[in-house]
Amino acid sequence: MAENYNYKESELKWRKFWETEGIFKFSLKNKAKVYSIDTPPPTVSGKMHIGHAFSYSQQDFIARYKRMAGFNVFYPFGTDNNGLPTEKLVEKLKNVKSTRMPRNEFVELCDNTVKEILPNFIEDWKIIGMSCDFSNSYSTIDKHCIKTSQKSFLDLFKKNLVYQQTAPTMWCVHCQTAIAQAELEDKELDSTFNDVQFSLEKGDKITIATTRPELLGACVCIYVHPTDKRYKNLIGKNAIIPLFGYKVPIFADESADPEKGSGIMMVCSWGDKYDAEAIAKRKLTPRIIITPDGKMNSFAKQYEGLTIKDARKQILSDLEKEGLLIAKKPIKHVVNVHERCGTEIEFLSTKQWFIKILDNRNKFIEAGKTIKWYPEYMFTRYKHWIENLGWDWCISRQRHFGVPFPIWICKKCSEVLVAEESELPIDPLEKKPSKKCKCGSSEFTADNDVMDTWATSSVSPQIILNWAKDKGFDASMELYPCSLRPQAHDIIRTWAFYTIVKGVYHENKAPWKDITISGHVLDPKGEAMHKSKGNAVEPSVVLDKYPADALRFWAAGSKLGDDLRYLEKDLVTGQKTVTKLWNASKFTLLQLQDFKSKPKKLEAFDIWILTKLNKLISNSTKNFDNYDYYKVKADVELFFWRDLCDYYLEISKDRLYNPDKRGVQERVSAQYTLYSSLLNTLKLFAPIMPFITEEIYHMHFSEKEKIKSIHLCSWPIPDQSLIDEKNEEIGDKLIEIISEVRKEKSQKSVSLKESVKEIVLPFKESEVKDFIEDLKSVTKAEKVSFGKKLEIKL
RNA sequence: GAGCCAGUGAUCUAGUGGCUAUGAUGUCUCCUUUACACGGAGAAUGUCGAAGGUUCGAGUCCUUCCUGGCUCACCA
C-alpha cells in the first residue's frame, strides 16, 4: 500500500471503472424494488457552480444508500437546454443577437452550441461522483422530450385545461417575450414619487402622485375612494391629462387607497395587474402606449419612439417646465423584474397560451399533501405560493429555441387544429397538418412561439417514465409516482409546483412519494453567492485542490433545507478524514494479511467496539431512511475517528504485534474485529465518500467479499448478537481510565509510550478482568490493582 | 405588511423535557509514539438572543419581544 493516497489518480480511475463496468447502469433484469429518482436536469450553462456540487452531492448520498440498501435504483441524468436560458447562453458564447438573425439559423446555432458544450458540462457531474446512469442521459430539447412535452400539451388541450387568450400579460421588453409569475424577481430601485397636477374642466386642480409619469398618455380613468370626503365632489367629473390634453372620467372605486399619495389614482394601460382589472371592469378602451421592445408608441404623441426611461425623464422635465410637477420625492422602491435579465416588467396585451391553474389550486395543495416533504416546512412554502397565485400559467414564449406548440391555426376561420399524438414530435412550421379544418380549408399558419422551458421540465417524471417504457421496462416496475424528487428551494414555485400541476392533470396524482429540498451555498460571511458580486466559488477550483470526496464530505455537513457557508477549512477537514481513512487502513490491512478464520471467542474490548459498530449501523440505517445523511456523516465520523482510531486501534496493537505473549486466538479476535470494523466503516461512508472507500475496498475486501464495487455491496445489517450493553458500559468506564492515564502523562509532559508503575482501578476485579490485559498494554501499566479510588502511579 | 426558518464557547455546529450541553475549526501546553505531524494527548473559552410562563425538572414546550436570513405581497 502506497505511503500516501493520490486522490487525483484514484478518483479518475474509479470514475472510469464505474463507467466501463456499468456499475450504475439501470438494470431491467434486477427484480428488486425500484427506487426512482426524478433528477433535476441542470440548465446547461458554462460550468457547474458550487450550489450544484452541494445539492447534487446530497441527492447522490441518497441514491448510493438506496442502491446498497437493495433497491434497483433508477437514476437517469438529464440536462435542461431549451428555452430562454439556453438562448441567452448561446447569445453570450457566440456573440449574437437572436433578434438580429433568421430564426432557423439561430435555432441551428443553439442546437450546435448545446452539442458542443454538453459533454464537458456533464463531465462536471461525473467528477463529483454522481452515480447516475450516464449511459442514459436526456436533454430537454431532444426528440423524446419534445414529444413528451407536446403530448402533455395535447392532453391538456383535450381536457380543456389550456387556453389561448389575448389579454394584458407580463412582458419582458428586453427578452421580448411574455413571462410567467414565477419568473419574477424583486429588485430595489431608485425612483421618484412625483406629484403631478391635473386640471378639471372648470379649471380646478387635483394632484396625483405617480412613479410612472411616462404612462400619463396611457391614462384612461381616475379613481378616488367612495368614502374619501376630500374628493366626493370629483366623482362623475372629467379630468384633463397634463401635457396630453385629453379628458378621462373620474370614478369612485374601493381600490383607491386614501392613505397613498394624494389619495387619487390614475388607471393606465397598463401599470400593473390592477390597472388591467380596472379597465376590464369599466369596459374602457385601453391606450396601450408601450411597444414590445420597450419604446413609446403613437399614443405618446411627441414622446413616440423614446424608450420608457427616456420618456420618463423627458415628461418629468416638461411637467416641470409647465409648472405641473408639484413635488418630486426620491424614493427606493421594490419592483418586479424578469429573473433572467433584471429588466422591469411591463404589461402588454398579447395573445398567449395559458394552462389553467387558478381554478384547481386546492387540488395542487391536496396533491402536495400526499408527498412527504423533507424538511416538512418546505410544504408551507409550496402552499403559500399557490395561495398567492394571481395568474394562470402563461406557457408561450415569443422566442425561438424551444418546444413548438403542436398546433396550426386555420387561415380562414382561425380555428386551432392540434396535431395527432402519432405525429409527435412535430414542428408545425415545417410540417402541414394531415387533415383539413372543420371549415374545409387546408390553409394554415403555424405559431412562431415556443413553450416556456418549465413546460417541458415539468414533465420530467413522464420523460423518464416513457423513456423506460420505450426501453422495455417491465410494467410491473412501479415508476409513477417516482420515489424521490430532489431539488433546491429556489425552484419550489417553478419546478416542483409545475411538475405537480402536470402530475395532477395527466396522472391524477402527485408525481413523487418524497421530495427533498436542498439549501443554498453561501459565502463565508453568510451572503448569497453571485458571479457579479465576485464571491462565487467554482467547483473546478476547489477540486483542483481537494478531493471530490472532501467536497462531498463538506456537503454532507448540513441538513436538508439548510443553507451552508462555503468555508475552505471545512474542505480541509474533509481531506483530513480521507487521509485518516487511508492511514488507518494502511495499518489495518497490514494486520489482516494472514487473517483467515473467525475467532472461537471474542475478546472483551473487541465486543466493546463491535457493540458500538452495530449500534452505529442501526442508527445510520434509520437516519439514511429519513434522508438525514448529515447525522450519518457525523456519527460515522465520530465512531471512526474516536472509538476506532484513537482507542481501539491502540488497544488492539499489543495483541496484533505480540501473539506469542498474548495468544494466537487473541490476535485472531482482533483481526476479525478490525476486518468487520473497517469494512463496515467503509460501507457506511461509501455513499458520502465514494472514491476513497472504493479504493480501500479494492485493496483487500473485494477479493474476500466477491463483489466488484463497494457501491454494489449490501448495506450492513446490525448484528444484534454482537450488541452487548453491559460490556459496552464497562468498556466505556475503562476508556475513561485510559483517558485519565493519558491526561496524567500529558500534564507531566511525559510521552504516552512511558510506562506506568501501577494503576489502582476503582472497580471489582471480577467486573473488569476480561479487559485487564488490553488495558495494561495500552496504558503501558506494569501493574494493575483494585481499590476504592483511581490512582495512577507514574 | 404577512408567512417560514434560525439565533448554543472566538467561529461553525449537534442536541424536539432528565446525569457535570456535542463535535469541528481556531488558541495555548505537551508528545518526532513501529497507520497517520494532513498526527496524537491535554487545557482554556458557554448567563444555550431577551423577558415571562408550563413542569419535580427547559437549550428543548408555550407567550411576548429583539435580531438575522429567506419567501411572498405591496409598490397609483
Side-chain angles (χ1 to χ4, degrees), chain A residues 1 3-5 181 184 186 188-189 191 193-194 196 208-213 215 219 222-224 255-257 259-268 271-272 274-275 278 331-336 375-390 489-490 492-493 519-520 522 524 526-528 550 557-559 561-565 567-570 572-591 630-631 634-635 637-638 641-642 645-646 649-650 653 657 738-754 780:
Chain A
M1 205 166 161
E3 188 66 25
N4 295 310
Y5 172 56
Q181 189 179 354
L184 299 180
D186 287 352
E188 197 180 68
L189 291 177
S191 182
F193 203 29
N194 315 290
V196 179
I208 299 181
T210 179
T211 53
R212 302 209 54 189
L215 293 181
C219 180
I222 284 168
Y223 275 2
V224 294
S255 58
D257 181 352
E259 302 290 314
K260 269 192 186 157
S262 62
I264 309 176
M265 147 190 181
M266 62 173 191
V267 175
C268 306
D272 58 32
Y274 301 98
D275 283 348
I331 52 160
K332 272 187 190 297
H333 70 162
V334 179
V335 294
N336 284 326
E376 236 173 291
Y377 63 79
M378 289 296 179
F379 170 72
T380 314
R381 223 142 121 178
Y382 167 79
K383 188 167 157 252
H384 287 170
W385 172 253
I386 294 176
E387 285 168 350
N388 288 314
L389 280 171
H489 59 60
D490 54 337
I492 291 175
R493 67 182 191 173
H520 280 161
L522 306 174
E527 286 170 23
S558 94
K559 44 181 134 171
D562 275 9
D563 293 340
L564 182 66
R565 292 179 194 200
L567 298 165
E568 189 161 349
K569 68 179 181 63
D570 293 336
V572 175
T573 307
Q575 187 170 22
K576 280 185 185 175
T577 306
V578 170
T579 306
K580 186 82 173 174
L581 269 169
W582 179 260
N583 288 326
S585 300
K586 213 160 62 180
F587 165 79
T588 303
L589 298 185
L590 197 67
Q591 303 309 319
Y630 75 98
K631 285 186 184 163
D635 291 348
E637 188 185 9
L638 196 60
W641 211 288
R642 189 184 60 192
C645 291
D646 290 352
L649 292 189
E650 295 306 320
K653 274 179 183 171
Y657 289 150
I738 296 170
S739 183
E740 286 297 322
V741 174
R742 286 175 173 177
K743 195 190 286 185
E744 188 68 21
K745 287 179 179 172
S746 189
Q747 275 163 1
K748 298 257 158 65
S749 297
V750 177
S751 156
L752 292 183
K753 214 163 107 185
E754 208 64 33
K780 314 278 179 220

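Residue numbering restarts at 1 for every chain, and letters A, B, ... go by the order of the sequence lines.
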Just the atom pairs and distances: protein N or O near nucleotides 42-44 of chain B's N or O, under 3.5 Å.
from	atom 1	to	atom 2	distance (Å)
B:rG42	OP1	A:S739	O	3.2
B:rG42	OP1	A:S739	OG	2.9
B:rA43	OP1	A:K743	NZ	3.4

Go through the steps for A:T577 and A:W641 under the test side chain to side chain contact (heavy atoms under 4.5 Å, CB included), then give the verdict.
CA-CA 8 Å; A:T577 306; A:W641 211 288; 3.7 Å; yes

Taken to the nearest whole Å, CD1/A:I492 to C1'/B:rC4 is 10 Å

Exercise for the section: Anything under 30° is parallel, anything over 60° is perpendicular, the rest tilted; go ahead and classify A:F587 against A:Y657. Expected result: perpendicular

On the nucleotide B:rU25, are OP1 or OP2 found under 4.0 Å from the side-chain N or O atoms that A:Q575 carries? no

Does A:T210 reach a base, just sugar-phosphate, or nothing at all? Heavy atoms under 4.0 Å. sugar-phosphate

Item to complete: Answer with yes or no whether A:S751 presents, from its side chain, a donor or acceptor under 3.5 Å of a partner atom in the base of B:rC31.
Response: no

OP1 or OP2 of B:rA76 under 4.0 Å from side-chain N/O of A:S262
no

note: A:D635, atom CG; B:rG15, atom P; distance rounded to Å ~ 10 Å

Which part of the nucleic acid, if any, lies within contact of A:K559, taking any heavy atom under 4.0 Å across all strands shown: a base, the sugar-phosphate backbone alone, or nothing? sugar-phosphate

A:E527 CD to B:rA6 P, in whole Å, measures 21 Å

Between A:K745 and A:L752 the two heavy atoms that sit nearest each other are NZ-O, 2.9 Å

**Prompt:** Is any side-chain heavy atom of A:N194 less than 4.5 Å from a side-chain heavy atom of A:T211?
**Reply:** no

When A:E3 and A:D257 are each assigned the nearest nucleotide of RNA chain B, the 5'-most assignment goes to A:E3

Considering only the C1' atoms, how many Å lie between B:rG49 and B:rU67, rounded to the nearest integer? 7 Å

Heavy-atom closest pair (A:I208 atom, A:I264 atom, distance to 0.1 Å) is CG2-O, 3.6 Å

Practice item. Would you mind classifying the nucleic acid contact of A:Q181 as base, sugar-phosphate or nothing, using non-hydrogen atoms under 4.0 angstrom? Key: sugar-phosphate

Of the listed B:rU34, B:rU71, B:rA24, the closest approach to the A:T573 side chain comes from B:rA24

Atom CG of A:L564 and atom C1' of B:rA6 are separated, to the nearest Å, by 15 Å

Q) So does A:K653 get a side-chain nitrogen or oxygen closer than 4.0 Å to the phosphate oxygens (OP1/OP2) of B:rA35? A) yes

What is the nucleic acid contact for A:W385, judged by heavy atoms within less than 4.0 Å: base, sugar-phosphate only, or nothing? sugar-phosphate

Winner on side-chain proximity to A:A584, out of B:rA76, B:rA35, B:rC38, is B:rA35

Distance, C1' atom - from B:rU71 to B:rG39, rounded to whole angstrom:
46 Å

- With C1' as the reference atom in both, quote the distance from B:rG46 to B:rA10 in angstrom, rounded to an integer. 12 Å

Determine the Euclidean distance between corresponding P atoms of B:rA50 and B:rC56; express it in Å to zero decimal places.
-> 25 Å

Rounding to an integer number of angstrom, what distance separates B:rC70 and B:rA14 when you compare their C1' atoms? 23 Å

To the nearest angstrom, the CZ-P distance between A:R381 and B:rA73 comes to 13 Å

> Under 4.0 angstrom, heavy atoms only, what part of the nucleic acid is A:Y630 near: base, sugar-phosphate, or nothing?
Replying inline: sugar-phosphate

| said: What's A:L752 touching, base or sugar-phosphate or nothing? Going by heavy atoms closer than 4.0 Å. | reply: base

Checklist entry - Across the strands shown, which category fits A:E650 at heavy-atom distances under 4.0 angstrom: base, sugar-phosphate, nothing? => result base

**Request:** Report yes if the side chains of A:H520 and A:H489 come closer than 4.5 Å at any heavy-atom pair, otherwise no.
**Result:** yes

Are A:L649 and A:T588 packed together at the side-chain level, in the sense that at least one heavy-atom pair is separated by less than 4.5 angstrom? yes

With a 4.5 Å limit on heavy-atom distance, are the side chains of A:E650 and A:D646 in contact?
-> no

* Asked: Looking across every strand, which nucleic acid part, if any, lies under 4.0 Å from A:L590 by heavy atom: base, sugar-phosphate, or nothing?
  -> nothing

With sugar-phosphate meaning primed atoms plus P, OP1 and OP2, does A:A256 contact a base, only sugar-phosphate, or nothing at under 4.0 Å between heavy atoms? base

Query raised in the report: If only side-chain N and O atoms of A:W641 are considered, is one of them under 4.0 Å from the OP1 or OP2 phosphate oxygen of B:rG40?
Result: yes

Taking B:rC19 as the reference, what is the distance to B:rC31 when you measure between their P atoms (whole Å, please)? 38 Å

Could you check whether A:R565 gets within reach of a base, just the sugar-phosphate, or nothing at all, counting any heavy atom under 4.0 Å? sugar-phosphate

Heavy-atom count check: over 12 atoms from other residues, nucleotides or ligands less than 6.0 Å from A:E188 CD? yes

In this structure, CG of A:D275 is separated from CG of A:L215 (nearest 0.5 Å) by 8.0 Å

With a 4.0 Å limit, can you tell me whether A:K580 has a side-chain N or O closer than that to the phosphate oxygens OP1/OP2 of B:rA35?
no

Whole-Å distance, A:M378 CE to B:rA6 C1', equals 12 Å

Legend entry - Nearest-angstrom distance, P atom, B:rG40 to B:rA6: 34 Å

Exercise. Under 3.5 Å, is there a donor-acceptor pair linking the side chains of A:N583 and A:K586?
Worked result: yes

- Compare all side-chain heavy atoms of A:Y274 with those of A:S255 and state whether any distance is below 4.5 angstrom. no

### Message
What contact category does A:C268 fall into here, base, sugar-phosphate, or nothing, at under 4.0 angstrom with non-hydrogen atoms?
### Response
nothing

field: A:K580 vs A:C645, side chain to side chain contact (heavy atoms under 4.5 Å, CB included): CA-CA, chis, key distance, verdict
entry: CA-CA 9 Å; A:K580 186 82 173 174; A:C645 291; 3.8 Å; yes

Within the structure shown, what part of the strands sits under 4.0 Å from A:A209 by heavy-atom distance: base, sugar-phosphate, or nothing? sugar-phosphate

- With heavy atoms under 4.0 Å as the rule, sort A:K260 into base, sugar-phosphate or nothing. base

Closest to the 5' end of RNA chain B, once A:D646 and A:H384 are matched to their nearest nucleotides, is A:H384

Secondary structure of RNA chain B per the Watson-Crick/G-U criterion (both distances under 3.5 Å; [ ] crossing, | other strand, . unpaired) is ((((((((.[[[..)..(....]]].(((((.......))))).....[[[[[..)....]]]]])))))))....

* Looking at every strand, decide which applies to A:K748 at a 4.0 Å heavy-atom threshold: base, sugar-phosphate, or nothing. => nothing

Between NZ of A:K383 and C1' of B:rU71 the distance, given in whole Å, is 14 Å

From OH of A:Y382 across to P of B:rC4 the rounded distance in Å is 18 Å

Residues A:D562 and A:S558: closest non-hydrogen pair is O-OG, 3.6 Å

Considering only heavy side-chain atoms of A:K753, the closest of B:rC38, B:rC72, B:rU33 is B:rU33

Distance between C1' atoms of B:rC65 and B:rG15 (Å, rounded) = 25 Å

